[in-house]
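One structure is given below, encoded as structure tokens.
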Amino acid sequence: MDEFSLQIPLFLLATFAGALVAGLSGFAFGLVAASIWLYILDPVQAATLIVAFGLIVQGYSVWKLRRALDWRKLWPFVLGAALGVPLGVGILTWTNPAHVRAAVGLLLVLYSAYALLRPAIPPVKAGATADAAIGFLNGVLGGITGLAGILVTIWCGLRGWPKDVQRTVFQPVAVAIFLMSAVWIGAAGAITAATIKLFLIGLPALLAGTWLGLKLFGRLDESSFRKVVLALLLISGVVLII
């Protein structure tokens, strides 16, 4: 993309919108930003920027919530994700990721539509083993599709945890997956000078969107937060299917 063209406003708008949604809900930066970026950037640039910006958005949000972090809840998900990400990346070498994305999209649509149309699901009782298994599956999915926190987000909702607790679980997991992805991208030599320039151009919009999203998050009650998350999961599923 020519950084001096009229595409720059679109790039900045997508960056701001993705950061706003991520700051508000705790996830979906990549889905929102990529919906526009993929029209003006090549796929490698888009993937690299999703990881780089995603690390900042999620890292900043986790820092803001740092006092509420509970490592006893968090470690099984991170451990599972650490084992799942390499497998997910490896699966890319022999499977069609488009088929995987479509299958995951269908699952997200069915789950979110069901949850939106009925009363709240009774909390699921589970332990560290189940949490680690979800973390592992989330890591596999992240390695295949780049979706760093979708399954953990769903699981936190099913566990019935308060919105602040949910974010202190699925956002650090997303940061861990983004870090692992960054290592793979860096090792592949996909970080170019043009991508670094776009990163610097988009950074102010990213920070502004994240700040505003976190401000709006503080005004959501439990019911509204649940509806926002489910609506974003529904949209995410539709985007994956399309």
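What you see is a predicted model; the values in this text were computed from it and never measured. Throughout, residue positions are numbered sequentially from 1 according to the sequence presented.
Smallest separation of non-hydrogen atoms from P123 and R159: CB-O, 3.4 Å. For L230 against S112, the heavy-atom pair with the smallest separation is O-CB, 3.4 Å. Between T15 and F53, the shortest heavy-atom distance links the atoms CG2-CE1, 4.2 Å. When every heavy atom of A19 is checked against every heavy atom of L206, the shortest pair comes out as CB-O, 3.3 Å. Pairing each heavy atom of L151 with each of I134, the nearest pair is O-CG2, 4.0 Å. Taking each heavy atom of G59 and V175 in turn, the nearest pair found is N-CG2, 3.7 Å.
Between the CD1 atom in I241 and the CG atom in L106 there is a gap of 5.0 Å [rounded to 0.5 Å]. Interatomic distance, T153 OG1 to R167 CZ, rounded to the nearest 0.5 Å: 10.0 Å. The distance from atom CD of Q58 to atom CZ of F170, rounded to the nearest 0.5 Å, is 8.0 Å. The CG atom of L141 sits 12.0 Å away from the CZ atom of F136 when rounded to the nearest 0.5 Å.
Residues V21 and F29 form no side-chain contact, since every pair of their non-hydrogen atoms from C-beta on lies 4.5 Å or further apart. Counting heavy atoms from C-beta outward, L20 and L216 have side chains that approach closer than 4.5 Å. A 4.5 Å side-chain heavy-atom check between T195 and F199 finds every atom pair outside the cut-off. Side-chain contact between L41 and F11 is present, with heavy atoms from C-beta onward closer than 4.5 Å. Annotation: side chain of W155 is not in contact with side chain of N138 (no heavy-atom distance under 4.5 Å).
Under a hydrophobic clustering in which Ile, Leu, Val, Met, Phe, Trp and Tyr are joined whenever their side-chain heavy atoms come within less than 4.5 Å, directly or via other members, L203 and L13 fall into different clusters. Under a hydrophobic clustering in which Ile, Leu, Val, Met, Phe, Trp and Tyr are joined whenever their side-chain heavy atoms come within less than 4.5 Å, directly or via other members, L24 and W63 fall into different clusters.
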Could you give the side-chain donor-acceptor pairs of residues 68-84 under 3.5 Å, partners two or more places apart or in another chain?
residue, atom, partner, partner atom, Å
D70, OD1, R72, N, 3.1
D70, OD1, R72, NE, 3.4

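Looking only at distances, a side-chain donor or acceptor of Q166 sits under 3.5 Å from a matching main-chain atom of W161.
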- Query: Should V109 and L234 be marked as a side-chain contact (heavy atoms from CB on, under 4.5 Å) after you check the CA-CA gap, both sets of side-chain angles, and the distance that decides it?
  - Reply: CA-CA 5 Å; V109 168; L234 178 62; 3.9 Å; yes
